[in-house]
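See below for the structure under consideration.
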Amino acid sequence: MLACGCGARSELLVEDNYRGIERCGDGDVSEDEQCDLGDDNEDRPAIELLNGVLRRAVMPVDRSESVLAFYDYASESSHTGFEERTTSRMFLYRDRQTARMSLILHHGIDEDSSGQTLTHGEVEMDLSGIPEGAGVELADDNPDEMLLVGADGARGRWEFWRNSDGAVIGPVPLPGDWTIRITTDLRDGIESWDYVDADGEPIELTTQLDGVLRAFPTPSRCRLDCTVPRCGDGIVDGGEICDDGNLVEGDGCSPDCATLDGL
Ligand SMILES: [Ca+2]
Ligand SMILES: [Ca+2]
Ligand SMILES: [Ca+2]
Ligand SMILES: [Ca+2]
């Protein structure tokens, strides 16, 4: 007769149920948890990106130059280095010298400087939740192609031949308390849409659903992994503008996570 071991296993399960299995999210703080607020645990990063089931913390691309210098509008095109021939890209950009942040959108690529040809492109975007005080800092190529509409909206209607089109909207505050929603229609030439994160890596998005960028002005009291947010833990939480994982000054992020110092 073969021993199945079933009896021993069910005895173990009964024992576990009897003891109760501790886990993050059950509202009890166990030894290996810093906190546990049960259903009130939440992640509140400084900025998050949502697109359907996608939900992740993101940060701006940081450079030590103004957003307009970085966009480098010439030859009727952007030259950020993130251009792709058949891709529409969006990302937050921050000038490290002033900590001023903007939203950059661009589609396609400049034929003159890249040698790549996209004969015709057409993209439409409708944005809502543009933060108060933000405006169109640059419209590539024509002011009519990116307009503020209504109380907090913006409308992009771009058509382009052998060059890129796009726009810069700003300033976008950080820390912030805003939710920018972007509806995208790739009408011709452009085939994909993505968000470029701080490290330059694109995150693929679907145009079937809105892309949403959201800023939290304060950290959560307890994260979903039962850790307590703090400055210096390497995670840029709501209310922080940086967190380099230390409390050292002069290395790019101040010990209170409120200033881009040094560098
Ligand atoms: Ca727990
Ligand atoms: Ca253009
Ligand atoms: Ca932190
Ligand atoms: Ca630091």
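Just follow the structure's listing: the first ligand is 1, and inside any ligand the first atom is 1.
Among heteroatoms of the N, O or S kind in Glu76, O lies nearest the Ca ion (ligand 2). Here the N, O or S atom of Asp251 that is nearest to the Ca ion (ligand 4) is OD1.
Each of Glu33, Arg23, Gln34 was checked for a side chain to side chain contact (heavy atoms under 4.5 Å, CB included) with Cys226, and the lone residue meeting it is Glu33. Partner Asp237 forms a salt bridge (Lys or Arg N to Asp or Glu O under 4.0 Å) with one of Arg221, Arg223, Arg44 and no other, that one being Arg223.
Note: Phe82 and Phe91 have perpendicular aromatic rings, judged against thresholds of 30 and 60 degrees for the angle between ring planes. Relative orientation of the Tyr93 and Phe70 rings is parallel, given thresholds of 30° and 60° on the angle between their planes.
The Ca ion (ligand 2) lies at the vertex of an angle of 80° between the OD2 atom of Asp141 and the OD1 atom of Asp165 (rounded to 10°). Vertex the Ca ion (ligand 2); arms to Ser164 atom O and Asp140 atom OD1; angle 90° (nearest 10°). For the pair OD1 of Asp244 and O of Val248, the angle whose vertex sits at the Ca ion (ligand 4) is 150° to 10 degrees.
Summarising the local packing, CD of Glu204 is surrounded by 12 or fewer heavy atoms from other residues, nucleotides or ligands at distances under 6.0 Å. Annotation for Asp39: atom CG does not count as buried by contact number, only 12 or fewer foreign heavy atoms lying within 6.0 Å. In the displayed structure, Arg100 atom CZ is contacted under 6.0 Å by more than 12 heavy atoms of other residues, nucleotides or ligands. Heavy-atom neighbours of Glu65 CD from other residues, nucleotides or ligands within 6.0 Å: above the threshold of 12.
Contact annotation: Asn246 places an N, O or S atom under 3.0 Å from the Ca ion (ligand 4). Among the backbone and side-chain atoms of Cys253, an N/O/S atom is found under 3.0 Å from the Ca ion (ligand 4). Between the Ca ion (ligand 2) and Asn163 there is an N/O/S contact shorter than 3.0 Å. Taking 3.0 Å as the criterion, Glu249 does not count as a coordinating residue of the Ca ion (ligand 4), since none of its N, O or S atoms falls below it.
For the Ca ion (ligand 3), protein N, O or S atoms under 3.0 Å: 7 in total.
Side-chain contact annotation: Asp210 with Asn51, donor-acceptor N/O pair under 3.5 Å absent.
The backbone N or O of Cys253 lies less than 3.5 Å from a partner atom in the side chain of Asp261, making a donor-acceptor pair.
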